[in-house]
Structures are given as C-alpha cells and as structure tokens.
Amino acid sequence: MFWFLYTIISIPTVLCFFYSNQASFLSLLNSLLFLLLSSFAIFTLSSKHQQKNIAFLLALSLLLPIFVFELMRFVSFYFQGEGFNARFFFHLSWNSLLEAGAAYLLLITAVIFLLSLFVVLIYQCTIRKIGKKIPYYFAISALPLCLLLNFALKEFVLLQFFPFGIANTSFDISKLQEMGLNPTALEKVELQASSGKNLVFIYLESLENIYLEEEIFPGLTPNIQQLANNGLRFTDIQQTPGTEWTIAGIFASQCGTPLVYGNSIISGNDIIQNGYLKHAVCLSDLLHQAGYKQYYIGGASVRFAGKSDFYKNHHYDQVLGYDELINELPDKTYKTGWGLYDDSLFTLSVQTFERLAKEEQLFNLTILTIDTHQPAKPSHSCSNYSALQNKTLDAVHCTDQLVNNFIKRISKHPAFKNTIVVLFSDHLAMMSRQKIFPPEYHRKLFFALLNGDKKGLNTRQGSHMDIVPTTLAALGIKHNAAFLAGNNLLATEPQKTLVDFKNAEVQQAIRHVNKNFFSKDYSLCQDNQLLLKMENSKSLRIGNQILSLSSAGIPATPQRYTKDLAILAYLDDSGKIENASSVHFNSLPYLLTRSKDSIFLLITPNKELPYGLDNFTVSEHGIKVLIGKFNGSIFSLGKFKNLHQLQIPGENCHAILQKTKIPTRKNHPQPKLDSLCIEKNQFAAHYDRKNKHLIIPKVALPDGLISSTLVKESEKYFSLHSFSPIKEEITKADNCIAYYVNNLLYIPSLLIKDGDNEKKIAPLEMKMILKHSYIFEIRKQDIDKL
C-alpha cells in the first residue's frame, strides 16, 4: 500500500520532469528521494500513536502540504516548462481559477482525483501501521536530511525571498539618452498626425517565431510563412521584462514602453484598470488624431486585465469581446473555456472589416486570437497538424489556416489596397515546450508587415516597444510623437543604441517615467476635503481617483472586501496617491513594510492587523478604514458594514495628513521597526567577523518567514549560504526581524561580533545584484562598519 501511495505522490514530480524545458535527472532523483525519505519518516512518526485517527491526521497534515506543493510545481511546469517564477505567482489566484476554470476542467478534475486518492491512501497506510517497525531515530534523522535534499523547496523559498522588482528611487532624467531611451517622450505636445493607410492589426496569441521554422516544424504554418514571404518579416524581435503577458504585450507594442509602474504594489493585470499610464501616447491616439475609426475585437472577455479600459482610454470607438459577441453566433454553445473559437472570431472580423470599409473613413481593426492560449483548443473547422500529435501544434496549425482565410477574404475588398496588415505575437508562449522545442533554441517573437511597400527580411534587433513606431512608418503616417523605448525598424539610418531592458538601472528609469510622466496625478485631498465612497458597484472613489474593484485583473465583488481583500493606497505628505490597489489581506504584513516613510490609507476587513497597526475593536464582520504612517500616528476613519456603506466626505484632509506625522503616543502603538529594536533582542541579526557569517534569525517574506545565513565573499559582497523556513507568523513582538523588499534586504539592527567585543549598527541595507547566484552588495558607507 505504501508503494502505491508513493507512486501517486511521485506522479506530479515525474510530470514536472516530462514538461520541463531543461529536464534534469539530478533534480528528478533528488525530488523522488526527498519524497521517499519524507514519507517514510512521517509514517514512522505517525505509527507511534496508538489511536488510528490521530495517526491519520498527523500523517495527513504533514504529507498533504508536500503533495500540494508538488502539484503546484506540476501546474507551473505544465504551463511554462519551468518551475516557480514571478509569472506563475502573478497569475496564481482564486479569481484566475474562476475566470478561466472552464478551460482547464480536465486538469482540475485530475488534480481533485489525485488529492482524493491521496487522502484515501494515507488513511489506508495509517490503519495498517506502515512504518511501525522502522526505528524511531530514522524519522528524527531523515527529516533534516529531507530539507537539505529538496532543491524544489529551496527554489520556491528563494523566489519568495527575491521577488521581481526594483526600488523606486529618484532618477536622473539626463541619463535616459545614454541608455537608449528617448527623453523627448517626456515632453507634452499637442499631437499631430497625418492620414495614412488603413490598419488591420492581428495579435497572435502565444504564436512565436519558432513555429515558422520549417526545419523544426515542417508544414506547421505554410500559409503564414507564405504571407510573411510576400511581405516584410522581422527576424530578431525579443521579449523583454514587462511584456510577458497579454495586456502587457498589447500595451508595450501600442505605447512604446513596458507595462511596469513605479515601485508598485499593483498586479500587472491591474495597472491599466486602476487608471495608471493613461497619459502614455499610444498608436491609437495618433490614429484618432489622424481621423481613424477604431475597433477592437477579441474572443475573450474584455473585462479581464482592463483591456476594455485601455482601448477606450485610447480612443477606440468599439471594444468587443466575449460578452458583446456571443449573441452574434448562430450556436451560442460553440465556445471554449476562454471565449469564442477563432473561426467564429475571424468570421465576425470579416463582417467588421466590411462594415468599416463601407463607411469610407480610415480605420484600424485590432484583433486578438485565442485558440493558441493554453490549454490550446483549435477551432473545429480546422484540420490537425499531421507531422506530430500535439494539441498546441494543432492550434497553431489552425491559426495558420484561419489567418490565411481571413486575409484572403478581406483582400477581395477594394479597401484592402489601402490597408496594412500587422501580424504580431502578443508574447512568447506561457507553456511547457513538451519536448517539442529544441533545448538551445533562442525564442523570439513573430512580427510581419503585409501588403506594404517593403518586402523581404528585416534583421534589426527589436522588441515590443519598436512595433508602434514601425507600424506608423509602414502606414505612411507623419506625426510628432516620441516613444520612450521604441524605434522605427524601417529607418534607413544606423540603428540607435539598443536598450538593455534587463539592466536594473534601465528598469528603474522606465518605472520612474511611467509613474511620473505617463500617469495622471491622483490626490486624496480635493479642495482640502477627504473623500472616500463607492462610485458604483464596480469602483471606489479615493479622492480624485476612481479605483476599479479587481484582483489580478479580474473584477472582484464588493463583498470580498469584508473577507479576504483590502484596498491599500500609499500617499506622500501632500496627499498625492503614489500607489493604490486591491491586495490580499494576508499579504498586508509584506506590503506594509515596503514604504515605511509613506502615509498609507487602508480599507480592510475588520480583522486583527499585523504589527499592532491598530488597537481598535474588532467586530465579527464589516470593514474599517485606517490612515497613518509607520513612524507617525495611525488612527481610524471609521467602521462600516461593507463598501456600499463607506462614505467619508467633508473631512479636513490636510489636517488629517498632518496628524499622521505626529510621533506615536502610547495609546497609538506603531509598527515595531528599527526605532524600537533593542540591542539584545533575540531576533536581531549578528555578524561574526571571524568566520564572516551574517546570521539573520528572522526575515519577513511576502508569504512568511525564514532564517538565513549570508557569507562575506569580498569587501562589499555577501552570498546566501543557507536558509530555513519558519512556520510561525509575524507577531507584535518581532521588533528586530529583517525585511526583504524589492531586491533590498533591510536589517533594522545588527550586532558586530569581533572576538569578545560587540558593537551595534543600525540599520543596514543590502541590495541583491545577481538573482540566480543570490549575491548581495552593501552600500559604500557601510563597508567600513563590517
């Protein structure tokens, strides 16, 4: 029975290996050995209990988290071909499951079946006293060994320890040009644009350049290849940070800057619908200025990730998605878990093209396909790919047929003579390569211009950001707009300095510009009045900002804000809103440490808050509103039954902001950071000069705590030596724990040990500079201290 259970537990691990883009036998064997030793050890411990129910609950409570962890790894490998990364957690939410669950019914069913079978087998093993004859000391020695063995667990914790992001510090604008960025994009000008040709812009979901490689996939995309050969194909378009998901790919290719915002608490799928980056000049703004009529049509819901908000904010006349199009179908049951099949989408797109062409007005028709979105589901009208049996390749082959049929149909219309067609990947595939991609292949985006003046191959290196200026040039539109990170790839002059989008300083510059130049200024105070109230059932007004109720891009109901969601806004001293977003209640301990010098406004379920943020009475239900500052005062603006009841008008806003700066009184306990850290606190970090070890007993992570040890490698560099997860939660007594925030490790107090001598320094900041090697750099002013 045990070996049957072990087989079930091992299935996700083996599948991770199967779906991995870079399969490692060592990693597989390591994980299998970990599962074997941990299972034996846990059953040995549980078998010592005479009561079967207690033995069952003990084994289940210890093995279930391990099995769920392996199932999560499998899901990540299944979709991406790699383990846990920022993108995985970016899309991992209950809302995402509700929105797209219908597309993954088979996968969800399989996971539920495995979990059910797992529980039954655990019970059978415990009642049979598996492990009873194994010596007790085996379990005691095996469990620590398990922690050392499990590479995957270490990978998981380190990812949480080093989340993506960089600090939003001040930036010297004069450096933009030497980075390859265009400072002219920061200047506000009255847009001018001449007329040009019509535009049909087709975003091909996850359809990357490799699918056109005949040597790798013979006969997979013959039609798109022929179309590209008759047009202009770009061969070196690379994906960069801030463009890796659909709304990010759309935004970056339309507006010439990645979809990132400041030192943000905001999910990338929430940036647009929370009202940020409205001032970025985009392709459709210029087409509007030139007199174009503009339609977007896509098979998925336009509510997700703010697609509707983006297009409407940038002058699209019609934005049509699943909800708007489903009634146009003769068979309303013909749909996927994501929305309309692409054959239905292209049929409706032909009708839209013909309708726009009849109006004798320049037009832009933007289309987003969906069949190739994981899990790939090709339209029923397509033939499958014959060279290899694979659903993803079937969907790609189907897209090839449908795009060709669509262009054939619209090419018969007289308006096509004056129309440019753009074919572009929205992003690289978020999926496992399932052994179908060559392991060393350098993945690139597909980009082609059809029906234009130029033909052949363009070998210039580019990115999403270069699509908009290149498209405008192909349309023959003369304009006065500049794009922060985009260049015209059709230009005849030598290529400008390439932007290194992975460089931390470049990322900082882009975030700074996106926040301070392309986003509207929002303020809590309007005519010195603080205003909080529900605008409607889908949005909340905070000062002059209308904040959409959404989580990870998916609309959230107001009721969730009494249960598991909160609204967090950071303000500067004048009341300007730096960031505002819906966040999960459990993530507040992490998020509230990110900007301890900023005033925060918090609308939260009426539960006990971390760090002793408030001493206000907790009721059984409802919400409460707090405003305050880590190093100042924190006080309540009121309690309400729900968001619908929330209304705080008429307050003297600036007086409230001034109160937050007053040092905390005894009856207003403040979060306990370095100012309260006492020298002998048990959680204070200490550095031993003799062995060069920096030991940190507690480090606060987004999802928990770890203890860690760093080793000094040189005068200013430390490397991560070891770490251990800590199961307990952050409490009010944790005065001296360290925090990791956006590549910065903040240590509030550090004891230096040099033989029998000790001295205290506070605080110490270390910046992580090599993500994969986990190398930290200390500041110049701190070198002599250590």
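Hydrogens, waters and symmetry mates play no part in the numbers below; they use all other heavy atoms, side chains included. Everything numeric in this text was worked out from a predicted model, so none of it was measured.
Defined by atom type and a distance below 3.5 Å, a donor-acceptor pair is missing between the side-chain atoms of Y203 and T246.
The shortest distance between side-chain heavy atoms of V302 and L320 does not fall below 4.5 Å. For the pair K278 and N313, the minimum side-chain heavy-atom distance is below 4.5 Å. Between L524 and C653 the shortest side-chain heavy-atom distance falls below 4.5 Å. Residues L571 and F600 fail the side-chain proximity criterion, which asks for heavy atoms closer than 4.5 Å. Residues Y316 and T366 have side chains in contact (heavy-atom distance under 4.5 Å, counting atoms from C-beta outward). Two residues are said to be in side-chain contact when any heavy atoms from C-beta on lie closer than 4.5 Å; T562 and N606 fail this criterion. A heavy-atom distance below 4.5 Å is found between the side chains of S284 and Q254. Using a 4.5 Å heavy-atom cutoff, the side chains of N514 and I271 are not in contact.
Although no hydrogens or angles enter the test, the distance criterion places a donor-acceptor pair under 3.5 Å between the side chain of Q507 and the main chain of K502. Without hydrogens or angle criteria, E324 side chain to G321 main chain gives a donor-acceptor distance under 3.5 Å. A donor-acceptor pair under 3.5 Å links the side-chain atoms of K607 to the main chain of K563, judged by distance alone. Although no hydrogens or angles enter the test, the distance criterion places a donor-acceptor pair under 3.5 Å between the side chain of S523 and the main chain of C525. When atom types are taken as modelled, the side chain of S519 and the backbone of N516 share no donor-acceptor pair closer than 3.5 angstrom. Listed for the S548 side chain is no donor-acceptor partner under 3.5 Å among the backbone atoms of S550. Side chain of Q318 to backbone of Y295: no donor-acceptor contact under 3.5 angstrom is found. Checked by atom type and distance alone, the side chain of N642 never pairs as donor or acceptor with a backbone atom of Q559 at under 3.5 Å. No donor-acceptor pair closer than 3.5 Å links the side chain of S539 to the backbone N or O of E535. When atom types are taken as modelled, the side chain of D285 and the backbone of V281 share no donor-acceptor pair closer than 3.5 angstrom.
Atoms CD1 and CD1, from I648 and I603 in turn, are 7.0 Å apart once rounded to the nearest 0.5 Å. The CD1 atom of I627 sits 5.5 Å away from atom CZ of F635, with the distance rounded to the nearest 0.5 Å. The OG atom of S581 sits 11.0 Å away from atom OH of Y570, with the distance rounded to the nearest 0.5 Å. The CG atom of L368 sits 11.0 Å away from atom CD1 of I297, with the distance rounded to the nearest 0.5 Å. To the nearest 0.5 Å, atoms CE (M465) and CG (L181) are separated by 9.5 Å. In this structure, NE2 in H464 is found 7.0 Å from OG1 in T240, a value given to the nearest 0.5 Å.
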Please walk me through it: do L565 and V583 pass side-chain contact (heavy atoms from CB on, under 4.5 Å)?
CA-CA 6 Å; L565 289 181; V583 299; over 6 Å; no
Could you check L540 against K533 for side-chain contact (heavy atoms from CB on, under 4.5 Å), going step by step and ending with a plain yes or no?
CA-CA 6 Å; L540 176 79; K533 69 173 185 177; 5.8 Å; no
Could you give me the CA-CA distance, side-chain angles and deciding distance for E777 and K767, then say whether salt bridge (charged side-chain N to carboxylate O under 4.0 Å, His left out) is met?
CA-CA 5 Å; E777 180 181 22; K767 183 177 181 181; over 6 Å; no
Given side-chain contact (heavy atoms from CB on, under 4.5 Å), test I467 with F424 step by step and report yes or no.
CA-CA 9 Å; I467 304 305; F424 182 58; 3.6 Å; yes
One pair to check against side-chain contact (heavy atoms from CB on, under 4.5 Å): L602 and I567. What are the steps and the verdict?
CA-CA 6 Å; L602 182 62; I567 294 171; over 6 Å; no
Could you walk me through whether D573 and K629 satisfy the salt bridge (charged side-chain N to carboxylate O under 4.0 Å, His left out) test, starting with their C-alpha distance in whole Å, then the side-chain angles of each, then the deciding distance to 0.1 Å, before giving a yes or no?
CA-CA 10 Å; D573 289 346; K629 194 173 184 180; 3.6 Å; yes
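Nearest approach of Q294 to H314, heavy atoms of both residues: NE2-O, 4.4 Å. V468 and G256 get closest at one heavy-atom pair: CG1-N, 3.8 Å. Residue Y522 comes nearest to G275 through the heavy atom pair OH-O, 3.0 Å, listed as atom of the first residue, atom of the second, then distance. Scanning both residues, P241 and P258, for their nearest heavy atoms gives O-CB, 3.6 Å. Of all the heavy atoms in C255 and F483, the pair that sits closest is O-CD2, 3.6 Å. The two residues Y276 and A580 make their nearest non-hydrogen contact at OH-N, 2.8 Å.
Relative orientation of the H288 and H315 rings is parallel, given thresholds of 30° and 60° on the angle between their planes.
Under the ring pair (Phe, Tyr, Trp, His ring centres under 6.0 Å) criterion, F640 pairs with no residue at all, not counting sequence neighbours. Residues passing the ring pair (Phe, Tyr, Trp, His ring centres under 6.0 Å) test with Y296, sequence neighbours excluded: Y311. Under the salt bridge (Lys or Arg N to Asp or Glu O under 4.0 Å) criterion, D572 pairs with no residue, sequence neighbours left out.
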